[in-house]
Amino acid sequence: MKKIAVLTSGGDAPGMNAAIRAVVRKGIFEGLEVCGIFNGYQGLIDGKIEPLSAGSVGDIIQRGGTMLRSSRCPEFKTERGRERALDQLRERGIEGLVVIGGDGSFRGALELSKAGFPCVGVPATIDNDINGTDYTLGFDTALNTVIDAIDKIRDTATSHERTFIVEVMGRDAGDLALWAGVAGGAETILIPERPYDLGEIVSRLQQGKDRGKKHSILIVAEGVMGGQELAAGLMDDAGIETRVSVLGHIQRGGTPSGRDRVLASRFGARAVEALLAGRAGVAVGMREHAVIDYPLAEVFDGGDAKDLGLYDLSKELSI
Ligand code: F6P
């Protein structure tokens with residue numbers, strides 16, 4: 001293998017730039033030519049491909065977003081779109097591809113692998129929802145962003161003795177909400193992986209009040225419902241007045257944490273190693289503190305049920 005390429009796809013996540021840097025520098029270290037594909041799979045179809053040097057990825061390890069830009073690309077879901085993409089790769093003599101992104105991006109990488117083109121996926125999404133890896137790039141940074149927001153909201157909640165609802169991203173997954181809720185000392189955390197009972201939320205709030213609690217913070221993952229919907233439910237059911245903060249895309253931006261930068265460096269390098277070793281059609285990941293690679297297909301096979309011990313603990317600690 002002499003020439004590989006790297007792209008970022010789907011929602012951006014802090015640490016993507018650090019991963020691009022790792023792929024490029026590790027590739028060059030191993031004697032490869034490395035190209036950058038701009039604007040994700042759409043850019044691949046359109047041939048937006050340029051060689052990258054070690055210097056061209058300097059001064060990006062600390063930056064959020066992605067220097068290669070990103071997109072969500074419906075055309076790549078079609079066979080025709082993927083054929084055009086493969087033509088672009090082959091015309092340039094590119095023999096392997098590193099895809100940095102979330103599960104939608106991994107589906108694309110799996111399709112290319114099935115078509116015989118060597119691909120490796122690097123998991124990057126604030127949602128932490130990729131089967132097979134304990135952590136995805138961007139999760140730690142987004143977690144710290146949410147914790148920071150909760151801490152600030154708590155100041156107002158305390159000063160005004162209010163109940164606050166904080167709506168957290170995560171698509172269909174509750175990791176970001178759960179971890180942030182535990183770290184932020186939230187009274188109630190609603191995640192899609194667990195059913196909730198409005199009556200129970202109301203009685204917990206009431207019990208807290210009876211014990212002299214002056215304020216409460218409820219975290220709701222967007223995959224359960226919107227913060228405004230929960231606020232309306234609490235008002236209609238029990239006359240409880242709340243304020244709602246929807247954190248939105250601030251959770252996706254910002255300088256990556258040290259942990260995400262290190263993880264990105266290790267993931268990016270491992271992706272290149274996997275391509276060079278001929279282990280195509282794999283995703284890299286972290287399991288029990290070790291960097292691994294495993295078949296991309298495992299990402300979509302349903303996977304092991306997540307350990308939700310942290311959810312049970314959150315209930316015990318928020319009495
Ligand atoms: O997957 C990352 C994520 O931020 C989700 O948490 C969220 O549901 C979604 O992307 C938002 O997507 P968009 O930026 O396209 O609105």
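Whatever order the structure lists them in is the order used to number ligands and atoms, beginning at 1. What you see is a predicted model, and the numbers here were worked out from it, not measured in a lab.
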Participant: Does an N or O anywhere in G170 fall below 3.5 Å from an N or O of ligand 1?
Facilitator: yes
Participant: Mind checking the CD1-CZ spacing from I150 to F164? Nearest 0.5 Å is all I need.
Facilitator: 12.5 Å
Participant: On the 0 to 90° scale, with breaks at 30° and 60°, tag the Y41-F76 ring pair as parallel, tilted or perpendicular.
Facilitator: parallel
Participant: Please work out which of R72, R171, H249 has its closest non-hydrogen atom nearest to atom 12 (O) of ligand 1.
Facilitator: R72
Participant: How far is atom 7 (C) of ligand 1 from the closest protein heavy atom, and which atom is that?
Facilitator: E222 OE2, 3.3 Å
Participant: Testing the basics here: between P14 and R252, what is the closest heavy-atom pair and its distance to 0.1 Å?
Facilitator: CD-O, 3.3 Å
Participant: Considering non-hydrogen atoms of the protein only, which is the closest contact for atom 6 (O) of ligand 1, and what is the distance?
Facilitator: D127 OD1, 2.7 Å
Participant: Looking at every heavy atom in both K315 and R204, which two are closest together, and how far apart are they?
Facilitator: O-NH2, 3.8 Å
Participant: With a 4.0 Å heavy-atom cut-off (strictly under), which part of R252 contacts ligand 1: side chain, backbone, both or neither?
Facilitator: side chain
Participant: Step by step, would you call S257 with N144 a side-chain hydrogen bond (donor to acceptor under 3.5 Å, both in side chains)?
Facilitator: CA-CA 8 Å; S257 66; N144 284 297; 5.0 Å; no
